[in-house]
Protein chains: 2
Amino acid sequence: MARSDLSETARRLHSGAIRLLRMARAADDESGLSAPKLSALSVLAFGGPQSLSGLARAEQVTAATMSKLVGDLEAEGLVAKRTDRNDRRGVRIAVTARGRALMEKGQKARLALIRARLATLSDAERAVLDQAAALMLRLAGSPP
Amino acid sequence: MARSDLSETARRLHSGAIRLLRMARAADDESGLSAPKLSALSVLAFGGPQSLSGLARAEQVTAATMSKLVGDLEAEGLVAKRTDRNDRRGVRIAVTARGRALMEKGQKARLALIRARLATLSDAERAVLDQAAALMLRLAGSPP
DNA sequence: TCATTTAGTTAGTCAAACTAACTTTCTGCT
DNA sequence: AGCAGAAAGTTAGTTTGACTAACTAAATGA
């Protein structure tokens with residue numbers, strides 16, 4: 001593949017990802033939670049209880065930002081925060097059942113949008129996207 | 001493809017797109033412009049001069065938000081704004097040479113990141129991503 | 001023991017998003 | 001022609017989410 005083809009693929013991939021996420025974002029309003037909140041809940045739901053700084057790192061924001069956001073989530077009963085028994089400087093943050101339910105609802109709506117669109121494709125096309133998803137995660141340095 | 005496979009593909013595609021864009025965002029700081037500004041400049045650079053409301057629609061924000069942002073871009077000499085001769089209620093906004101240069105620089109940096117990652121893949125894998133990009137644009141209802 | 005580092009919180013600031021209110025211009029109907 | 005309603009854009013006010021700076025408490029290692 002020539003250099004210009006690489007650039008073209010990069011450009012279209014970038015553009016495709018942006019548009020796909022914009023489309024999926026339309027479903028977020030239903031949960032009544034912002035994207036940052038949903039995202040943090042998702043990290044907790046899938047990764048289990050975290051320290052505040054761990055959560056901030058996962059979300060690529062500062063501890064100050066995450067401290068505020070977690071405070072809000074706690075006030076809304078979506079996470080529970082308590083002193084870390086192994087290191088009393090820190091806290092452990094866990095998602096509550098309510099928080100998990102809301103997060104799953106939000107995610108379900110988002111994925112339903114994508115899934116409905118996927119259903120309009122052929123099996124071969126879907127297989128392409130399946131492989132591409134794994135490649136994209138690899139490109140970004142994340143585990144699939 | 002079964003329903004659960006569809007959901008899994010949707011989940012991984014969603015996740016892959018998020019991570020890919022997060023990775024690409026690392027390059028944005030170099031241009032000294034925010035993502036919203038770069039995005040608006042991009043729309044103007046590729047789509048030609050626009051009305052303010054057209055630009056707001058393309059970026060999926062309100063006219064108020066875009067009015068402020070365009071005001072800033074104009075102050076920075078990156079766009080030129082003038083009354084629309086055909087409808088004096090409105091304005092035409094065009095990217096300046098300076099704005100275009102900055103936008104292209106920013107985009108170049110972003111795509112370079114993706115391209116470098118693409119270079120680590122096999123030809124077959126790249127072909128998969130190329131096809132996937134077109135499919136993603138189709139899924140999102142955008143022209144490739 | 002103590003200097004340094006780490007974990008988290010709070011205050012202040014800024015950008016970007018929204019809504020509301022407003023002015024100007026356009027459109028279409030009477 | 002006149003006018004009501006709609007469209008285009010601007011400004012003010014508010015909220016959220018991001019950052020930095022400053023701080024306290026706890027942990028670490030010399």
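Protein chains get the first letters and strands the later ones, always in sequence-line order, with residue 1 at the start of each.
Distance B/Lys68 NZ to C/dT19 P: 18 Å, rounded to the nearest Å. As rounded to whole Å, 13 Å separates atom P of C/dG8 from atom CD of A/Glu74. Going from atom CD of A/Glu59 over to atom P of D/dC19 covers 11 Å, rounded to whole Å. For the pair A/Asp84 CG and C/dT9 P, the computed distance is 12 Å after rounding to whole Å. Across the protein-nucleic acid pair, A/Leu33 atom CG and D/dT16 atom C1' stand 13 Å apart, rounded to whole Å. Look at CG on B/Leu69: it is 18 Å from P on C/dC14, rounded to the nearest Å. Rounded to whole Å, the distance from CZ on B/Arg57 to C1' on D/dG9 is 13 Å. Rounding to whole angstrom units, CG of residue A/Asp87 and C1' of C/dT6 are separated by 8 Å.
When atom types are taken as modelled, the side chain of B/Arg82 and the backbone of B/Arg92 share no donor-acceptor pair closer than 3.5 angstrom.
Residue contacts for B/Ser53: at a heavy-atom cut-off of 4.0 Å it reaches the sugar-phosphate backbone alone, with no base atom in range.
Checking A/Pro36 against A/Asn86, the closest nucleotide of DNA chain D that is more toward the 5' end is the one next to A/Pro36. Along DNA chain C, the nucleotide nearest B/Thr65 and the nucleotide nearest B/Arg89 are compared for position; the residue whose nucleotide lies closer to the 5' end is B/Thr65. Where A/Arg88 and A/Ala63 each meet DNA chain D at their nearest nucleotide, the meeting point lying more 5' is that of A/Ala63.
In summary, A/Asp84 and A/Arg88 do not engage in a salt bridge, as defined by a charged side-chain N under 4.0 Å from a carboxylate O. Contact check on B/Arg98 versus B/Glu76 returns no salt bridge, with no Lys/Arg side-chain nitrogen under 4.0 Å from an Asp/Glu carboxylate oxygen.
Comparing D/dT10, D/dC19, C/dA17 by their closest approach to the side chain of B/Lys81 singles out D/dT10. Of the candidates D/dA18, D/dA26, D/dT10, D/dT10 carries the atom nearest the B/Leu52 side chain, counting heavy atoms from C-beta on. Nearest nucleotide to the B/Ala64 side chain, out of C/dA20, D/dA6, C/dG8: C/dA20. Among the nucleotides C/dT25, C/dG8, D/dT10, the one closest to any side-chain atom of A/Ser51 is C/dG8. Nearest nucleotide to the side chain of A/Thr62, out of D/dT20, D/dG17, D/dG9: D/dT20. In this structure, of D/dG17, C/dA17, C/dG8, it is C/dG8 that holds the atom nearest to the side chain of A/Val91.
The side chain of B/Ser34 places no N or O atom within less than 4.0 Å of a non-bridging phosphate oxygen (OP1 or OP2) of C/dA15. Taking side-chain N and O atoms only, B/Ser67 has a distance below 4.0 Å to OP1 or OP2 of D/dT10.
Side-chain polar atoms of A/Thr65 and A/Thr62 form a donor-acceptor pair below 3.5 angstrom.
Smallest separation of non-hydrogen atoms from A/Arg117 and A/Thr120: O-OG1, 2.5 Å.
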